[in-house]
Amino acid sequence: MKRTDFTLKPSLIAMLAAATLLTACGGDDDDTVVVTPPAPVMQTFTVTVTNLTANQPMSPVILASHASDAMLWNAGEMASEALEKMAEGGDTADIAALSVINSSVNGTGLLMPGMSETLTLTLDEADVASISLATMLVNTNDAFTGINSYTIAGMEVDATTAMKFMAYDAGTEANSEAKGTMPGPADGGEGFNASRDDVDFVHIHPGVISMYDGLTDSVLGASHRFDNPVLAVTIMRTE
């Protein structure tokens with residue numbers, strides 16, 4: 001039998017290579033479709049707080065988002081240690097670390113009487129439920145105020161709500177007003193103390209009793225008294 005030698009043309013080689021590649025890929029039936037998930041939808045809320053007292057600076061505010069069934073405190077019930085630390089010394093680190101908190105932001109410093117500050121929270125639409133806010137009245141033993149689980153789900157863009165809030169007593173430290181027992185500028189004393197020597201349940205604060213009211217050991221004066229409400233809050237959805 002006669003042997004025939006031949007050489008493939010470059011164009012034919014290219015066609016064969018393309019056919020081989022298609023076969024290796026399994027054809028159109030085996031193509032993998034990569035689906036890019038949609039970008040998360042974000043919602044932004046601004047919360048403006050105003051100190052309504054005459055001479056009660058407030059500790060740096062914490063604004064936190066959480067599920068609708070979470071509460072930072074319940075009147076008539078024992079305060080958590082996280083709340084106690086905030087109400088006695090203005091420390092919000094344990095509140096931010098609570099398992100129920102999705103995200104939080106803190107104010108930049110003391111909220112002085114008559115002053116306002118605006119905080120911003122940007123949340124994934126799936127996490128929009130409720131917010132809480134807390135701050136200590138620092139010229140007291142354990143007075144605090146704030147928002148306790150306010151629903152923001154369903155707020156429309158540019159919607160605004162304004163509220164005012166009263167002062168609470170954490171019930172964890174006796175309201176002695178004695179020198180060395182309050183962290184504020186009126187005293188510069190102790191903040192958080194793990195021992196509890198009061199009624200040990202959260203309640204509406206009865207107000208301070210200054211040295212001019214007959215509490216001779218008090219380091220507070222008439223300017224440190226306060227009536228409710230003590231805090232004004234405006235919430236707005238901006239995005």
Side-chain angles (χ1 to χ4, degrees), residues 35-75 80 82-83 85-87 89-138 143-168 170 202 205 226-239:
V35 178
T36 302
V41 178
M42 309 302 290
Q43 295 186 10
T44 299
F45 300 85
T46 60
V47 179
T48 300
V49 291
T50 302
N51 184 338
L52 301 178
T53 71
N55 196 8
Q56 283 289 341
M58 295 179 180
S59 64
V61 172
I62 182 171
L63 173 65
S65 67
H66 50 76
S68 58
D69 58 351
M71 304 281 284
L72 289 191
W73 69 88
N74 286 288
S80 66
L83 184 69
K85 288 182 177 181
M86 187 280 302
D91 183 358
T92 61
D94 281 15
I95 290 179
L98 290 172
S99 61
V100 297
I101 301 300
N102 295 327
S103 62
S104 65
V105 61
N106 279 82
T108 58
L110 287 177
L111 183 64
M112 301 304 291
M115 301 302 292
S116 299
E117 183 176 13
T118 298
L119 300 93
T120 301
L121 270 180
T122 298
L123 308 170
D124 188 314
E125 186 177 47
D127 295 330
V128 174
S130 295
I131 57 172
S132 289
L133 180 147
T135 177
M136 177 194 182
L137 282 65
V138 296
F144 71 96
T145 187
I147 305 170
N148 194 17
S149 194
Y150 181 81
T151 300
I152 56 172
M155 284 188 71
E156 300 290 337
V157 175
D158 294 332
T160 300
T161 184
M163 299 167 284
K164 293 180 179 179
F165 296 92
M166 62 187 66
Y168 287 89
V202 178
H205 202 286
F226 55 86
D227 292 321
N228 285 312
V230 295
L231 185 73
V233 178
T234 300
I235 303 169
M236 181 178 184
R237 180 181 167 192
T238 56
E239 182 181 341

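The first residue in the sequence is number 1, and the count goes up from there.
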Do [X] and [Y] have side chains that get closer than 4.5 Å, going by heavy atoms?
X	Y	result
T135	L111	no
L133	Y150	no
N106	T92	yes
V47	V61	no

Closest contact, heavy atoms only, [X] versus [Y]:
X	Y	answer
A70	V100	CB-CB, 4.0 Å
S103	L121	OG-CD2, 3.9 Å
Q43	R237	CG-NH2, 3.4 Å
L137	A167	CD2-CB, 4.4 Å
G90	M136	N-SD, 3.6 Å
A82	L98	CB-CD2, 4.2 Å

Note to self: Parallel, tilted or perpendicular: which one describes the rings of Y168 and F144, with boundaries at 30° and 60°?
What the structure shows: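 Y168 vs F144 ring planes: parallel.
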Margin query: Side chains of S132 and S149 only: does a donor on one sit below 3.5 Å from an acceptor on the other?
Written below: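 Absent: no donor and acceptor within the cut-off.
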Note to self: Do D127 and S65 pair up side chain to side chain, a donor and an acceptor below 3.5 Å, judged on atom types alone?
What the structure shows: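 No, no side-chain donor-acceptor pair sits under 3.5 Å.
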Atom [atom1] in [X], atom [atom2] in [Y]: separation rounded to 0.5 Å?
X	Y	atom1	atom2	answer
L63	T120	CG	OG1	9.0 Å
M163	I147	CE	CD1	5.0 Å
T53	F226	OG1	CZ	8.5 Å
S59	D91	OG	CG	9.5 Å
N228	F165	CG	CZ	12.0 Å
I101	L72	CD1	CG	5.5 Å

Check: Is the count of non-hydrogen atoms from other residues, nucleotides or ligands lying under 6.0 Å from M71 atom CE greater than 12?
Finding: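 Count over threshold, so yes.
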Item checked: Stepwise side-chain contact (heavy atoms from CB on, under 4.5 Å) test for V202 and N74 -> CA-CA 7 Å; V202 178; N74 286 288; over 6 Å; no
Checklist line | I131 and H66: CA distance, side-chain angles, deciding distance, side-chain contact (heavy atoms from CB on, under 4.5 Å) verdict | finding: CA-CA 6 Å; I131 57 172; H66 50 76; 5.6 Å; no
Margin query: Please check this pair: side chain of T145 against backbone of M166, looking for a donor-acceptor N/O pair closer than 3.5 Å.
Written below: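 Side chain of T145 to backbone of M166, a donor-acceptor pair under 3.5 Å: yes, one is there.
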Item checked: From CA spacing to verdict: side-chain contact (heavy atoms from CB on, under 4.5 Å), E117, T108 -> CA-CA 9 Å; E117 183 176 13; T108 58; 3.1 Å; yes
Next item on the list: Kindly determine whether M42 and D124 satisfy side-chain contact (heavy atoms from CB on, under 4.5 Å), including the steps that lead there.
Entry: CA-CA 5 Å; M42 309 302 290; D124 188 314; 4.2 Å; yes
